[in-house]
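These notes concern the structure reproduced below.
Values reported hereafter were calculated over all heavy atoms of this structure, with side chains retained and with hydrogens, waters and symmetry mates removed. Quick note on labels: first sequence line is chain A, next is B, and so on, each numbered from 1.
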2 protein chains.
Amino acid sequence: MTDSPKKSASSLCERQALAQPCPIRDVLDRIGDQWSLLVLDALAPGRRRFNEMLREIGDVSRQMLSRTLKQLEQDGFITRTAYPEVPPRVEYALTDLGRSFQAPMGALVAWADEHHRAIVEARQRYLAGAGG
Amino acid sequence: MTDSPKKSASSLCERQALAQPCPIRDVLDRIGDQWSLLVLDALAPGRRRFNEMLREIGDVSRQMLSRTLKQLEQDGFITRTAYPEVPPRVEYALTDLGRSFQAPMGALVAWADEHHRAIVEARQRYLAGAGG
DNA sequence: CAGCATCCCACGCGATACTG
DNA sequence: CAGTATCGCGTGGGATGCTG
């Protein structure tokens, strides 16, 4: 498939010309996709190999890790370095772009940590009020 | 269904006890779900009615808007106020929690705006290098 | 107008076997 | 070890008709 013909009319996306898809949606599609954030987090301490990340993240399949890494590499968040050895060795690492993303990501993490309790409580209040 | 039996082994989620699911995953599951962010954004200027948002967002179905609103209400991001009139009128508005979320969301939006060009360029470079 | 119930298809994603 | 190709299931989500 080429590209989704959908249009997003939100002001969130209309803040720039739509030559490119909405940056937010673009970024959100990446970090919102279940694994990218975990991968980015796994790479935060330093370079990692494929199976290393596979084990570290734990509940990701090879296919999804592979896809996610490729996506992140494609978008310039990480680099992929293959060493022509045998057995093969491939290492992934954050780029400057990837590292710069840790700031807003950190803000999000901090907010989540700070307000998670409130969210959980809101859910419980909701269930109590609506009767499940 | 009760709850996903999946476990996330990432340090991103191990920063607190896992009595609750990882706050980040929890928050990400919400804002990463294609519509929540758009809804939150639509409500930023002030209260909105159902069909108003439906039109404003543009490419969201009734069902998904309904679900998203319910989720956000449940999580304490927004309030739902039904006026016992005929025809019925329902208004949605951000809560304090919802408004507080605009800070990290703003950071993310700013980052996306600032680096979107770099991401697009990285993609083009990737395509050029890998030959599609 | 608000929004839930139903139908249905597309695709996300895990499992697995295969390649280099 | 580091992936890719294939298969199959589960579900996200659009379209739409019905209800209050």
Is it the case that atom CZ in Arg47(B) sees more than 12 heavy atoms from other parts of the structure closer than 6.0 Å?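 Yes, enclosed.
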Distance check needed: [N] [atom2] versus [X] [atom1], whole Å only.
X        : N       : atom1 : atom2 : answer
Leu54(A) : dT4(D)  : CG    : C1'   : 14 Å
Phe50(A) : dT4(D)  : CZ    : C1'   : 10 Å
Asp33(B) : dG12(C) : CG    : P     : 15 Å
Asp29(B) : dG13(D) : CG    : P     : 11 Å
Glu52(A) : dG3(D)  : CD    : C1'   : 16 Å
Leu65(A) : dG12(C) : CG    : C1'   : 16 Å
Glu85(B) : dC1(C)  : CD    : P     : 14 Å

Within the 4.0 Å heavy-atom criterion, would you say Tyr83(A) contacts the bases, only the backbone, or no part of the nucleic acid?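 No contact.
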Across the strands shown, which category fits Arg49(A) at heavy-atom distances under 4.0 angstrom: base, sugar-phosphate, nothing?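 Sugar-phosphate, backbone atoms only, no base.
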Test your reading of the model: is there a side-chain donor-acceptor pair from Thr95(A) to the backbone of Phe77(A), 3.5 Å cut-off?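 Checked: pair present.
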Does Arg123(A) pair with Glu121(A) as a salt bridge, N-O distance under 4.0 Å?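 Salt bridge between Arg123(A) and Glu121(A), a charged N being under 4.0 Å from a carboxylate O: no.
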Ion pair present between Arg48(B) and Glu56(B), side-chain N to carboxylate O less than 4.0 angstrom?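 Result for this pair is yes, salt bridge flagged.
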Between the two ends of the helix from dC1(C)-dG20(D) to dG20(C)-dC1(D), what is the bend in degrees, rounded to 10 degrees, where each end axis spans five pairs?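 It comes to 40° between the two terminal axes.
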Indicate whether OP1 or OP2 belonging to [N] is found under 4.0 Å from a side-chain N or O atom of [X].
X        : N      : value
Ser66(B) : dG3(C) : no
Arg80(B) : dA2(C) : no
Lys70(B) : dC4(C) : yes

Check the orientation of Phe50(B) and Tyr92(B). Use parallel for under 30°, tilted for 30 to 60°, and perpendicular for over 60°.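 Aromatic pair Phe50(B)/Tyr92(B) classed tilted.
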Going by modelled atom types, is there a donor-acceptor pair between the base of dT16(C) and the side chain of Gln63(A) at under 3.5 Å?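 Flag unset: no donor-acceptor pair detected.
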Below 3.5 Å between N/O atoms, which protein atoms pair up with nucleotides 17-20 of chain C? Just atom names and distances, please.
unit_1, atom_1, unit_2, atom_2, d
dA17(C), N6, Arg62(A), NH2, 3.1

